[in-house]
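What follows is a short report on a single structure.
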Amino acid sequence: MTVASILLILVALVFLVAGLTGGSGPLLIISIAASLLAAVALVVGARQTASTRATADRTARRRGGPSTPGAAYGTPVVEPEIPVQHVPPTVGGGWRQPPGPPSGSDLRPRPAPGPGTDEVPLDEPDVQQVRPEDEDLVAQLVTPVHVVQGRPRYHLATCSHLLDRLPSRIPAAEAVELGFTPCARCAPVTALLADARPS
């Protein structure tokens with residue numbers, strides 16, 4: 001009906017212009033009649049749309065479904081809020097924060113929590129046991145080590161624990177400062193000190 005209304009308005013406009021330019025009274029009367037028909041078509045179209053919405057709303061209520069949004073009767077549908085899970089970026093940017101609170105001035109390895117705790121994932125390797133003076137030396141190195149977001153250990157690039165994970169490279173001193181502990185599987189402290197000590 002909307003298309004018919006638009007066409008009738010265009011016809012009315014054409015007859016109006018023709019009637020005004022030619023001074024013809026019958027063309028002006030045809031223009032007025034076309035305008036009235038366009039108004040009637042608009043009203044009929046609006047009523048049909050309202051009737052269709054009301055019918056759909058009643059049908060939905062009978063079936064137990066949601067009402068049509070914007071319907072004349074009933075309440076509009078309100079979408080439930082769905083919590084969005086934050087997924088940290090995996091490309092670029094590097095590591096910013098270790099999974100637990102930094103160890104502060106105590107840079108010695110901490111014992112891993114028992115199984116089933118929330119602090120360390122169950123598949124996380126043990127902590128490499130090192131002497132305090134060796135860890136103090138590692139805390140001064142800028143040699144890169146690898147860390148995985150949400151994991152407490154730092155690793156060598158060749159560590160098997162890094163397979164199927166997206167590690168970030170950071171200096172060993174930064175890893176120690178942030179509270180990461182060395183992985184017992186790849187023993188990064190041993191390798192880093194072997195490279196750092198003169199032959």
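For clarity, every value in this text was computed on a predicted model and none was experimentally measured. We number each residue from 1, following the sequence as shown.
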Quiz item: Under the 3.5 angstrom rule, does the side chain of Gln128 hit a backbone N or O of Val189 as a donor-acceptor pair?
Solution: yes
Quiz prompt | Partner residues of Asp164 under the salt bridge (charged side-chain N to carboxylate O under 4.0 Å, His left out) criterion, sequence neighbours left out | solution = none
Quiz item: Which heavy atom in Glu135 sits nearest to a heavy atom in Val176, and how many Å separate them?
Solution: OE2-CG1, 4.1 Å
Quiz item: Ignoring hydrogens and geometry, is there a side-chain-to-backbone donor-acceptor pair from Arg153 to Glu124 under 3.5 Å?
Solution: no
Quiz item: Do you know the tightest heavy-atom contact between Pro182 and Pro188?
Solution: CB-CG, 3.8 Å
Quiz item: To the nearest 0.5 Å, what is the distance between CG (Leu141) and CD (Glu174)?
Solution: 13.5 Å
Exercise. List in chain and number order the residues that pass salt bridge (charged side-chain N to carboxylate O under 4.0 Å, His left out) with Arg47, two or more places apart in sequence or in another chain; answer none if no residue qualifies.
Key: none
Exercise. Would you mind reporting whether Ile170 and Val147 have side-chain heavy atoms less than 4.5 Å apart?
Key: yes
Quiz item: Is a side-chain N or O of Arg165 found less than 3.5 angstrom from the main chain of His161, in a donor-acceptor match?
Solution: yes
Quiz item: Which value, rounded to the nearest 0.5 Å, describes the distance between His146 atom NE2 and Cys183 atom SG?
Solution: 12.5 Å
Quiz item: Taking all atoms of both residues into account, what is the closest heavy-atom pair of Ala187 and Leu156, and its distance?
Solution: O-CD1, 4.4 Å
Quiz item: Taking atom CG of Asp136 and atom CZ of Arg131, what is their separation to the nearest 0.5 Å?
Solution: 11.0 Å
What pairs of donor and acceptor atoms, side-chain ones from residues 31-46 against any protein atom, are under 3.5 angstrom apart with sequence neighbours left out?
{"unit_1": "Ser31", "atom_1": "OG", "unit_2": "Ala12", "atom_2": "O", "d": "2.8"}
{"unit_1": "Ser35", "atom_1": "OG", "unit_2": "Ser31", "atom_2": "O", "d": "3.0"}

Quiz item: How about Val138 and Tyr154: do any of their side-chain heavy atoms sit closer than 4.5 Å?
Solution: yes
Practice problem: Quick one: closest heavy-atom pair of Val145 and Ala175, and the distance? | Solution: CG2-CB, 3.8 Å
Self-check item: Distance-minimising heavy-atom pair for Asp123 and Arg185
Solution: O-NH2, 4.4 Å
Quiz prompt | His155 and Pro125, any side-chain heavy atoms less than 4.5 Å apart | solution = yes
